[in-house]
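Right, one structure below, let's go through it.
For the numbers below, each heavy atom of this structure counts, side chains included, while hydrogens, waters and symmetry mates do not. Sequence positions, counted from 1, serve as the residue numbers for this chain. Model, not experiment: these values are computed from the prediction.
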Amino acid sequence: MKWETFYVPIVTAVVLPAQAGPANIPALTAADAKRMARMQDMRWLATVSAQQVDEVRSALRSGHGMVIEPALHNVVLHQLEDLVPIIEEGVGAPKSYARAFGELCGHVLNFGDNRFEKLRESLTTELSGDAFLSMRHKPRHFRPVRHMVTSVIVINEVRAVKAGRKKEPDLHDLDLSPFETELVKLSGLKVATAVDAILVELSKARVAGTREYTLIQVLHTYPPAKYLPSVLDKLEQIVGTEGYGTTLLLESLKLRLDRLDKAGKARVLSIIESIRRTGVTPSFEFGLSALESELQ
């Protein structure tokens, strides 16, 4: 078959931009995208090392809201109080959602174990970041700072369920995004069961739409070591079949290839060559070449 599409910028499909108002949004470089992915993955770790704390510190100073937002999540989730001085200096561009969210994160860390209760309370007030939207764009579920606050609360609740500390997440009065809804739905399943369910649906997909990219987002909340080998298994099984399964499974590898060992990277290269033999369009070839460059 001829592959018609592949290279869809998943980072823009699954992450809300953290810059707004008069501030300019810098281009997301390849290095920024990888740093963002590492910050997103780090949110699901039980603890973080000193080296990982340094990575969070560096991400806070990146200047790009899409990197800063998950870094701030890590500050709150892992209670990295030593990084508060950086937040107090101001993270992100002036008059940006990242800056407003950062100020709130710095404030709630003063409440220690009660920081998530304080975050919930903040949703009942007018948040400073809301001022960056005109009134006609202010329905509650579209406010970016509220989205960021809700996101870190949901992640904390799901972490507790996955760790066995809670039977179900406490999400009363929260407006959930499609990603958060799927995340919560799968949170009670064992890792292997959840990963398999996601990969089966992706591999059989007849379209590459919002739901499919949402599932990739949820897949990335599990340890890479738990899902990357399974993604490669599925790819090897379905190469040459109709549908968007190959496209979506390849998308799920982007920005995570550095987690593979030498043998895993060799498998990816072999899969790419198998796909090429089925016939690909120039645009699809561009995406395959981009994956290859990540392996170098």
Distance-minimising heavy-atom pair for [X] and [Y]:
X      : Y      : result
Arg99  : Val91  : NE-O, 2.9 Å
Ala71  : Val56  : O-CG1, 3.6 Å
Ala98  : Gly92  : CB-CA, 4.4 Å
Val145 : Gly129 : CG2-CA, 3.4 Å
Val158 : Ser187 : CG1-CB, 3.7 Å
Ile87  : Gly102 : CG2-O, 2.9 Å

Answer yes or no: is there a donor N or O on one side and an acceptor on the other, between the side chain of [X] and the main chain of [Y], under 3.5 Å?
X      : Y      : value
Arg159 : Val154 : no
Gln217 : Phe179 : no
Ser151 : His147 : no
Thr125 : Leu127 : no
Arg43  : Asn74  : no

Are the side chains of [Y] and [X] in contact, using a 4.5 Å heavy-atom criterion?
X      : Y      : answer
Met148 : Tyr97  : yes
Ile153 : Leu123 : yes
Val53  : Asp82  : no
Glu251 : Tyr213 : yes
Val231 : Leu219 : yes
Ile275 : Leu250 : yes
Glu180 : Thr150 : yes
Thr193 : Asp196 : no

Does [X] pair with [Y] as a salt bridge, N-O distance under 4.0 Å?
X      : Y      : result
Glu294 : Arg256 : no
Arg57  : Asp54  : yes
Asp41  : Arg259 : yes
Lys162 : Glu168 : no
Asp258 : Lys265 : no

If you round to the nearest 0.5 Å, how far is [atom2] of [Y] from [atom1] of [X]?
X      : Y      : atom1 : atom2 : value
Leu109 : Asn114 : CG    : CG    : 12.0 Å
Phe116 : Arg120 : CZ    : CZ    : 9.5 Å
Leu176 : Leu183 : CG    : CG    : 9.5 Å
Leu215 : Leu248 : CG    : CG    : 9.0 Å
Phe101 : Ser122 : CZ    : OG    : 9.0 Å
Gln40  : Leu255 : CD    : CG    : 8.5 Å

Could you go through Ile155 and Trp44, starting from their C-alpha distance and side-chain angles, then the distance that decides it, and tell me whether this counts as side-chain contact (heavy atoms from CB on, under 4.5 Å)? CA-CA 8 Å; Ile155 290 170; Trp44 301 98; 3.8 Å; yes
Say whether [X] and [Y] are linked into one hydrophobic cluster, either directly or through other cluster members, by side-chain heavy-atom distances under 4.5 angstrom.
X      : Y      : result
Val191 : Leu202 : yes
Val200 : Leu186 : no
Val161 : Val218 : no
Leu269 : Leu291 : yes

Of Gln52, Lys34, Glu55, His73, which meets side chain to side chain contact (heavy atoms under 4.5 Å, CB included) against Met39? Glu55
Show your working on side-chain hydrogen bond (donor to acceptor under 3.5 Å, both in side chains) between Asp32 and Thr29 and close with a plain yes or no. CA-CA 5 Å; Asp32 286 332; Thr29 66; 3.1 Å; yes
Could you please spell out the steps behind the side-chain contact (heavy atoms from CB on, under 4.5 Å) verdict for Leu83 and Leu80? CA-CA 6 Å; Leu83 301 186; Leu80 305 180; 3.9 Å; yes
Test: salt bridge (charged side-chain N to carboxylate O under 4.0 Å, His left out). Region: residues 278-293. Which pairs qualify, not counting sequence neighbours? Arg276-Glu285, Arg276-Glu292
Run Val76 and Arg115 through side-chain contact (heavy atoms from CB on, under 4.5 Å) and show every step you take. CA-CA 8 Å; Val76 176; Arg115 61 195 183 282; 4.1 Å; yes
With Glu236 via side chain to side chain contact (heavy atoms under 4.5 Å, CB included) - residues at least two apart: Asp233, Arg267, Ile271
Run the numbers on Thr247 and Phe284 for side-chain contact (heavy atoms from CB on, under 4.5 Å), then give the verdict. CA-CA 9 Å; Thr247 296; Phe284 201 93; 3.6 Å; yes
Between His220 and Tyr227, is the ring centroid distance below 6.0 Å? yes
